[in-house]
Amino acid sequence: MGESNADLFDPRTVMDSDFSTGGLACRSGSGSVSDSDFAFAFNDSNFSDRVLRIEIIPDFPETKSDGEGGTSIAVWARNRKRRREEIKKETVDFLVNFGEQVLNCSMPDKEDGASYGNEDEEDVAMIEELPSGDEAAPSNDSMWSMDCSTVLRVITLHISSPILAAKSPFFYKLFSNGMRESEQRHVTLRIHASEEAALMDLLNFMYSNTLSRRTPTALLDVLMAADKFEVASCMRYCSRSLRNLPMTCESALLYLDLPSTVLMADAVQPLTDAAKQFLAARFKDITKFQDELLNLPLAGIEAVLSSDDLQVGSEDSIYEFVLKWARIHYPKLEDRREVLDSRLCHLIRFPYMNCRKLRKVLTCNDFDSEVASKLVLGALMFKVETPFRQRSLAMDEASGTCHRFVERAYKYRPVKVLEFELPFQQCIVYLDLKREDCACLFPGSRLYSHAFYLGGQGFFLSAHCNMDQQSSYPCFGLFLGMQEKGSVSFAVDYEFSARSNPTEEFVSKYKGNYTFTGGKAVGYRNLFGMTWTEFMADDSLYFINGVVHLKAELTIRK
């Protein structure tokens with residue numbers, strides 16, 4: 001038994017138990033971490049070597065306990081936020097008492113910058129001499145006067161230091177810090193009344209690997225307590241249990257608004273990932289839910305904009321939406337620039353924005369001018385890369401958090417455009433369609449490109465799956481249209497081409513001349529002169545590495 005206890009205090013054993021699926025490592029027989037259940041030993045003097053004295057003090061004003069966890073998520077969030085704000089104004093202490101020594105461990109809700117990983121700083125922040133005896137009596141010493149709250153009640157429990165140390169680095173350091181206090185029998189913690197239920201649940205979990213209360217608010221309280229006392233196995237349990245509960249917008253936003261140290265914990269990442277996925281799926285169609293999206297907090301907007309599957313016309317629309325949201329939530333220019341430059345600009349996929357819109361980014365006062373210049377330059381550099389290089393850059397980022405080179409499911413497909421003024425006004429437009437893009441066209445859909453400009457007028461390309469007029473079979477068609485702007489009209493020479501195997505050179509497929517007026521379109525119903533099945537076949541002449549490369553040349557001759 002002595003050898004087993006020694007193993008439990010080995011830091012390697014602590015890490016193994018803490019990051020495994022269960023709790024305390026069992027060194028005998030075939031028992032495993034996940035099989036360990038020491039519920040029988042909880043608060044039993046026969047299996048304990050310490051006495052834990054929990055002193056309950058009043059909560060801050062207006063802070064309420066969630067009782068049995070029946071309080072709604074919204075009320076829990078308001079109370080927790082109010083409590084965090086009060087903690088910033090007050091010094092909140094967890095009192096740890098070892099016999100004659102009192103060690104004051106600050107354990108408020110951790111904010112940015114807090115860390116449990118600093119080995120140079122013990123959890124023991126202060127040491128105060130108190131009268132000898134098993135229990136420390138309150139007096140007028142400075143440490144006690146820091147929190148003048150009256151002790152409402154005291155809970156005394158028998159605990160096993162090896163069990164707690166195996167589950168929590170906090171308790172491990174507490175019981176094995178090499179000081180005389182670590183050998184004392186009595187330990188006193190001071191907590192607020194609202195934390196009592198969560199701490200009791202946490203202590204029970206450290207013995208039994210399960211929780212009796214599984215309502216959302218109760219799980220969140222235990223999750224916060226587990227974060228304070230570094231019980232990663234309990235954090236994983238709470239995170240998994242919350243993921244198994246029905247998700248709502250309210251709960252998803254709350255999970256993303258937990259204290260930063262909780263959000264950064266590996267155990268909570270699956271929960272926050274699930275919350276982000278829920279919000280991204282809920283608001284997939286930005287146009288349809290724009291009013292609701294404009295009311296979302298920053299964490300919600302970040303979750304939605306991180307998605308590759310947004311149903312949006314183009315990245316230009318994303319850019320305009322982000323500006324609108326930022327101007328509503330951050331009316332002060334300085335604050336707006338800060339959040340745009342540091343939090344939101346990397347979620348806008350500038351490489352897929354129209355060049356005309358990129359010019360507006362350079363003159364947009366909402367962005368810092370230097371940041372705007374870097375964003376636009378990076379976008380333009382991507383646009384001039386070869387398709388292979390573009391795909392390579394997108395693949396490199398696909399597994400990371402930043403997807404600036406990953407193309408979303410745009411309703412309007414991006415194009416590359418070369419413009420010439422001499423000897424004629426001319427533009428050459430390149431449109432690439434993936435095999436899955438073309439497959440979605442069957443049996444009678446169409447797909448539009450971004451707008452591009454010639455002679456001051458906006459044009460677009462549209463790919464269709466339509467019926468061949470002569471043979472009545474489905475086929476691939478390509479059309480050129482002019483955006484509706486007034487009654488202007490002028491003649492345009494146009495030519496459609498496509499890359500073709502085996503040379504992979506562009507081959508002209510159709511050319512003509514058309515006098516455009518607003519809203520009119522011209523094109524060819526069967527661009528490749530074959531059926532849809534032949535066009536989509538695995539050995540199709542026009543799919544090169546799964547992509548159809550189309551080109552349209554437009555010229556205005558005077």
Side-chain angles (χ1 to χ4, degrees), residues 249 252-253 255-257 260 263-264 269 272-330 333-355 357-358 360-362 364-383 390 393-412 414 450:
C249 289
L253 292 171
Y255 300 153
L256 296 177
D257 192 41
S260 59
L263 292 175
M264 290 187 292
Q269 287 302 306
T272 56
D273 289 344
K276 292 175 182 177
Q277 291 169 7
F278 173 86
L279 292 172
R282 171 70 176 79
F283 298 108
K284 186 175 182 178
D285 190 334
I286 284 189
T287 304
K288 181 178 179 180
F289 296 103
Q290 185 164 147
D291 291 341
E292 292 180 57
L293 281 165
L294 288 173
N295 291 321
L296 288 184
L298 178 58
I301 289 298
E302 288 179 313
V304 173
L305 296 183
S306 297
S307 173
D308 297 338
D309 300 320
L310 294 182
Q311 293 179 355
V312 62
S314 67
E315 198 67 26
D316 294 2
S317 300
I318 296 287
Y319 169 78
E320 294 293 348
F321 168 79
V322 169
L323 285 185
K324 186 175 182 180
W325 180 90
R327 288 165 181 168
I328 292 173
H329 290 265
Y330 298 89
L333 178 59
E334 182 179 352
D335 296 337
R336 187 161 65 250
R337 278 187 176 178
E338 172 64 24
V339 74
L340 286 172
D341 294 347
S342 63
R343 300 286 293 273
L344 294 179
C345 69
H346 69 281
L347 298 176
I348 303 172
R349 303 182 186 183
F350 290 93
Y352 293 99
M353 287 174 56
N354 187 288
C355 288
K357 187 67 70 174
L358 288 176
K360 293 184 178 180
V361 175
L362 291 174
C364 180
N365 194 42
D366 298 85
F367 289 93
D368 176 81
S369 59
E370 184 175 348
V371 171
S373 297
K374 290 181 178 179
L375 292 171
V376 173
L377 178 60
L380 295 176
M381 293 294 289
F382 178 83
K383 286 179 178 292
Q390 289 179 344
L393 290 171
M395 290 177 62
D396 290 343
E397 286 193 342
S399 59
T401 57
C402 181
H403 287 191
R404 56 181 175 160
F405 295 141
V406 178
E407 190 174 349
R408 302 188 204 263
Y410 300 116
K411 295 177 183 177
Y412 306 121
H450 277 188

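The first residue in the sequence is number 1, and the count goes up from there.
Counting all heavy atoms, side chain and backbone alike, Leu279 lies closest to Gly300 at CD1-CA, 4.0 Å. Residues Arg349 and Ser306 share a closest heavy-atom pair of NH2-O, 3.3 Å. Nearest approach of Ser314 to His450, heavy atoms of both residues: CB-NE2, 3.0 Å. Smallest separation of non-hydrogen atoms from Arg327 and Cys364: NH2-SG, 4.3 Å. The minimum heavy-atom distance between Ala275 and Ala252, with the atom names listed, is CB-O, 3.6 Å. Minimum heavy-atom separation, His329 to Leu294: NE2-O, 2.6 Å.
Within the 4.5 Å cutoff, side-chain heavy atoms of Lys411 are placed close to those of Asp285. Taking the side chain as every heavy atom from C-beta outward, Glu302 and Leu347 approach each other to under 4.5 Å. Residues Arg337 and Asn365 meet the side-chain proximity criterion, which asks for heavy atoms closer than 4.5 Å. In this structure, the side chains of Leu298 and Leu344 come closer than 4.5 Å at one or more pairs of heavy atoms. At least one side-chain heavy atom of Glu320 sits under 4.5 Å from a side-chain heavy atom of Lys357. Using a 4.5 Å cut-off on side-chain heavy atoms (C-beta onward), Glu370 and Asp341 make no contact. Put simply, the side chain of Cys249 does not reach to within 4.5 Å of the side chain of Glu292, judged on heavy atoms. In this structure the side chain of Phe350 reaches within 4.5 angstrom of the side chain of Leu358, judged on heavy atoms.
Under the 3.5 Å distance criterion, the side-chain polar atoms of Tyr412 are left unmatched by any main-chain donor or acceptor of Val312. Proximity of a side-chain donor or acceptor of Thr272 to a complementary backbone N or O of Gln269 within less than 3.5 Å is detected. A distance-only check finds no donor-acceptor pair linking the side chain of Asp335 to the backbone of Tyr330 [under 3.5 Å].
Atom-to-atom distance recorded for Tyr410:OH and Leu310:CG is 8.5 Å, nearest 0.5 angstrom. Between the CG atom of Leu256 and the CG atom of Asp273 there is a distance of 9.5 Å, given to the nearest 0.5 Å. In this structure, NE2 in His346 is found 10.5 Å from NE2 in His403, a value given to the nearest 0.5 Å. Within the model, atoms CG of Asn295 and CZ of Phe289 stand 13.5 Å from one another, a figure rounded to the nearest 0.5 Å. The NZ atom of Lys284 sits 5.5 Å away from atom CG of Asp309, with the distance rounded to the nearest 0.5 Å. Distance check, rounded to the nearest 0.5 Å: CD1 of Ile328 to CG of Leu323 gives 11.0 Å.
Crowding of Phe321 atom CZ: a count of heavy atoms from other residues, nucleotides or ligands under 6.0 Å exceeding 12. Counted within 6.0 Å of NZ on Lys383, heavy atoms from surrounding residues, nucleotides or ligands total more than 12; the atom is thus considered enclosed.
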- Query: Run the side chain to side chain contact (heavy atoms under 4.5 Å, CB included) check on Leu296 and Phe283 step by step: do they pass?
  - Reply: CA-CA 11 Å; Leu296 288 184; Phe283 298 108; 3.9 Å; yes

| message | I'd like to know whether Ile286 forms a side chain to side chain contact (heavy atoms under 4.5 Å, CB included) with Ser317, so could you lay out the CA-CA distance, the side-chain angles of the two residues, the decisive distance to 0.1 Å, and finally the verdict. | response | CA-CA 9 Å; Ile286 284 189; Ser317 300; over 6 Å; no

Problem - Met353 vs Val361, side chain to side chain contact (heavy atoms under 4.5 Å, CB included): CA-CA, chis, key distance, verdict - result: CA-CA 10 Å; Met353 287 174 56; Val361 175; 3.8 Å; yes

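With Leu340 as the fixed residue, the side-chain contact (heavy atoms from CB on, under 4.5 Å) test singles out one of Glu338, Arg343, Arg336: Arg336.
Relative ring orientation between Phe367 and Tyr319 is described as parallel, the plane-to-plane angle staying below 30° on a 0-90° scale split at 30° and 60°.
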